[in-house]
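Scroll down for the structure; my scribbles are underneath it.
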Amino acid sequence: MIGDVLLTSLLCENIKKAFPNTIVDYLINSNTLPVLENNPYIDNKIIFDEKEIKGLIKLVKFSKRINQNQYDVVIDAYSKLQSWVDVFINDAQKKISYKKLGRTLIYTDNVEKHNEPHSYLGLAIEHRLALLKPLGIETPLITEPKLYLTIDEINFAKDLFEKHQVDTTRKTVMISLLGSDPSKTYPLNKIAEMVDFIGQNYNVNILFNYFPKQINQAKEVYNQLSKETQEKNYFELLGNDLREFIAIANECDLIVGNDGGAINMSKALGKKSFIIFSPWIDKKVWATFEDGINHTSVHLKDYFPERFKKLNNRQIKKQVNEFYSVFDFELFKDKLDGFLNNNLLGEQFINKNNVEIETKKEYSIRSMSTKISALLITYNEEKNIQRYLENVEQYADEIIIVDSYSTDKTEEIAIQNPKVIFIKRKFDNFTNQKNYTLGLAKNEWVTFFDADEELSQKLINELKDKVNSKITDDAYMAYHYFYFKNKKIKFSGQQNVRAIRLFKKSRCKYKEDLKVHELLACNGKVGKLDNRVKHHTFVDEEFYLAKLNNYSKLRAQELRLRDLKPSFYHYKIKPVYRFFNYFVMRLGFLDGISGYKIAKLHAISVANRYKYLDEIYRKENQNLG
């Protein structure tokens with residue numbers, strides 16, 4: 001498939017750059033050959049035509065013919081029956097593939113796959129890059145696949161756009177209309193609803209990605225669009241073959257729609273993407289470069305995880321129409337709107353001189369710098385922002401603040417600092433806000449402190465020392481000192497609170513299934529900082545309860561997604577237990593009246609959590625009625 005071919009081409013470029021004198025051949029299926037045209041890192045393309053090489057005898061003859069090239073190394077990124085025959089017959093001294101039960105004897109090096117992504121690259125890329133390790137390439141130089149266009153192909157697309165009188169003053173959105181098969185295709189009536197949303201809310205050009213033989217399906221979508229959207233759609237502008245599609249995609253700004261070859265090729269051209277994954281496709285594998293800004297995606301599992309329990313991909317595929325029937329556009333309309341806002345309208349990027357800042361997400365699985373980006377999310381932090389800036393400017397190369405449209409002087413104070421990039425973004429939840437901010441950092445090393453946290457000089461020096469050390473962990477945990485009305489809290493459950501505050505962005509990401517008490521998942525070694533952070537979170541009782549209640553509202557939304565129905569236990573027992581836990585079990589009574597107030601406020605917030613959850617259910621029932 002196109003995606004497999006594109007991502008595997010990364011191996012060729014990395015090998016060529018690590019060993020310039022090496023000859024690299026690529027065995028490829030004939031129907032995806034156009035994807036590799038003009039690639040300067042492939043010396044020879046060996047064509048595999050499934051129609052001509054059908055049956056074991058023909059496959060063996062084909063493999064023997066390939067073996068005459070006398071390869072030193074064979075890398076099998078496919079690892080299926082056809083490739084096993086090729087590898088088994090080949091006389092190469094080194095044979096590399098993935099470790100699979102019953103197949104290890106075929107290969108000299110069996111690379112284990114991992115189940116969770118270690119970076120924004122996604123498992124599909126990480127697994128392929130791991131095949132380079134037996135060659136001594138532990139840190140790949142290249143992590144993004146590329147497509148190579150000729151000048152003639154570029155001019156062809158420009159002429160085609162001119163012929164169809166495409167409005168070049170507007171940005172152009174490509175719609176990945178159809179998946180590679182029906183089980184990977186979002187229902188056409190729902191994709192029409194999505195396209196109409198784009199057309200009615202954004203002043204853009206809209207192109208459909210389809211081949212001439214798929215015109216009836218394309219018309220089915222087009223006919224459901226409003227007149228306003230149809231006027232923005234250049235229905236007859238399309239390519240006749242894969243290379244023409246690539247050239248057309250190169251003239252677009254971003255792509256939205258079904259996962260598949262069109263998405264992968266557009267990414268390889270540097271275009272931004274919003275992907276709708278089929279319910280039976282593993283998002284963790286194919287959500288490459290997912291940063292929530294330039295590339296983002298949706299999967300039914302994001303919204304109804306309980307529907308997927310105890311089902312494997314094969315079972316889900318058999319019921320895919322049933323799954324698609326509940327995968328309504330309304331579920332992810334706001335997420336698409338946010339993506340389009342960011343990439344079509346742009347966020348408000350402000351520095352001291354009110355000059356627009358261009359931000360570019362860089363993808364790398366190695367640290368190329370010892371500089372640090374200080375990241376912060378804010379809302380009405382005028383009391384804390386100056387102290388924060390004075391702390392972080394001592395070590396940070398850049399300071400990125402993403403603000404949820406504060407109504408106080410947060411922005412006014414922040415932009416006085418020349419290192420600050422100040423960005424306004426509507427708040428949806430803590431996880432998304434922090435992942436968005438993380439995607440803006442230009443440096444590999446980042447810190448993510450809160451505005452109400454204070455850093456001692458010893459801690460600041462330790463941060464710089466950790467980053468500049470030749471031997472480092474991938475992330476560092478910091479313990480906290482908590483203050484309640486300027487009084488240091490020694491117990492009340494706060495004595496062992498810690499969080500990762502310094503980390504490599506390529507190895508860490510905030511878990512998307514949590515909206516509150518965001519959790520940073522780190523695929524690497526986590527160390528510990530010797531110096532603690534001073535946390536001034538308990539300003540006064542009213543302020544702290546409001547903060548806890550905000551968490552409770554977000555937590556109630558999480559519980560609704562899990563279909564939790566509150567009961568007497570949640571309303572009465574859990575708040576009492578929370579008070580007992582903080583005041584007795586966590587030794588809050590040793591903090592005196594402050595410990596009592598902290599325990600009481602936490603108990604109230606737990607009770608409010610289920611009150612908010614009950615309100616969500618009542619509003620839903622009213623809407624149904």
Side-chain angles (χ1 to χ4, degrees), residues 120 122 170-179 184-209 221-222 224-226 228-230 232-233 249 252-260 262-264 266-267 271-279 281 283 286-304 323-347 361 402 404 423-429 431-433 435-436 439-440 512-513 515 557 561:
Y120 287 175
R170 303 190 302 206
K171 291 191 175 182
T172 301
V173 178
M174 171 76 78
I175 303 297
S176 180
L177 206 60
L178 304 163
K184 294 182 180 179
T185 300
Y186 193 55
L188 297 184
N189 63 315
K190 296 184 179 185
I191 207 159
E193 185 182 357
M194 180 190 75
V195 174
D196 215 31
F197 171 80
I198 297 172
Q200 291 186 7
N201 290 279
Y202 292 90
N203 187 30
V204 293
N205 307 312
I206 299 174
L207 302 187
F208 282 176
N209 162 45
V221 174
Y222 180 83
Q224 296 180 65
L225 303 179
S226 65
E228 180 183 357
T229 303
Q230 287 180 347
K232 295 175 181 177
N233 178 254
C252 298
D253 295 283
L254 52 88
I255 185 166
V256 175
N258 290 288
D259 171 49
I263 293 282
N264 286 294
S266 295
K267 286 183 180 181
K271 308 305 174 183
K272 299 173 182 181
S273 67
F274 185 97
I275 311 172
I276 306 170
F277 278 104
S278 168
I281 296 296
K283 176 179 173 179
W286 288 103
T288 55
F289 313 119
E290 180 104 359
D291 59 3
I293 310 162
N294 301 309
H295 302 286
T296 191
S297 64
V298 290
H299 192 289
L300 185 62
K301 196 173 185 178
D302 298 337
Y303 305 95
F304 302 108
F323 281 96
Y324 267 137
S325 69
V326 296
F327 199 1
D328 295 329
F329 173 56
E330 284 295 325
L331 289 173
F332 59 87
K333 182 170 73 175
D334 288 345
K335 191 169 186 177
L336 175 62
D337 195 31
F339 170 80
L340 295 172
N341 264 291
N342 291 341
N343 293 296
L344 294 177
L345 305 180
E347 298 288 350
K361 175 79 178 81
V402 174
S404 304
I423 301 162
K424 294 180 180 179
R425 180 181 188 269
K426 184 180 178 181
F427 181 87
D428 46 6
N429 60 62
T431 295
N432 289 346
Q433 198 80 338
N435 276 334
Y436 174 85
L440 299 174
E512 293 185 353
D513 56 341
K515 299 179 183 296
Q557 294 171 21
L561 291 175

To the nearest 0.5 angstrom, please state how far the CZ atom of F277 sits from the NZ atom of K184. 10.5 Å
Heavy atoms only: give me the nearest N343-I293 pair and the separation to one decimal. ND2-O, 3.0 Å
Spacing of Y324 atom OH and L300 atom CG [to the nearest 0.5 Å]: 9.5 Å
Of all the heavy-atom pairs spanning G257 and M194, show the shortest one and how long it is. CA-CE, 4.4 Å
Evaluation steps, side-chain contact (heavy atoms from CB on, under 4.5 Å), between L178 and L188: CA-CA 8 Å; L178 304 163; L188 297 184; 3.8 Å; yes
side-chain hydrogen bond (donor to acceptor under 3.5 Å, both in side chains) against T229, all qualifying residues, sequence neighbours excluded: D196, S226
Nearest heavy-atom neighbours spanning I281 and H299: O-NE2, 2.9 Å
Interatomic spacing from CG in L225 to NZ in K232 - rounded to 0.5 Å: 11.5 Å
To the nearest 0.5 Å, what is the distance between CE (M174) and CG (D253)? 11.0 Å
Any sub-3.5 Å donor-acceptor pair from H295's side-chain atoms to I275's backbone N or O? no
Give every donor-acceptor pair under 3.5 Å between a side-chain atom in residues 327-334 and any protein atom, sequence neighbours left out.
from, atom 1, to, atom 2, distance (Å)
D328, OD1, K190, NZ, 3.1
E330, OE2, K333, NZ, 3.2

Rounded to the nearest 0.5 Å, what's the gap from CD1 on I191 to OG on S176? Could you check? 7.0 Å
Can you list the residues that meet the salt bridge (charged side-chain N to carboxylate O under 4.0 Å, His left out) rule with K301, with sequence neighbours excluded? none
Measure across S297 and D302 and return the closest heavy-atom pair with its distance rounded to 0.1 Å. O-OD2, 4.2 Å
Roughly how far, to the nearest 0.5 Å, is the NZ atom of K272 from the CG atom of N294? 4.5 Å
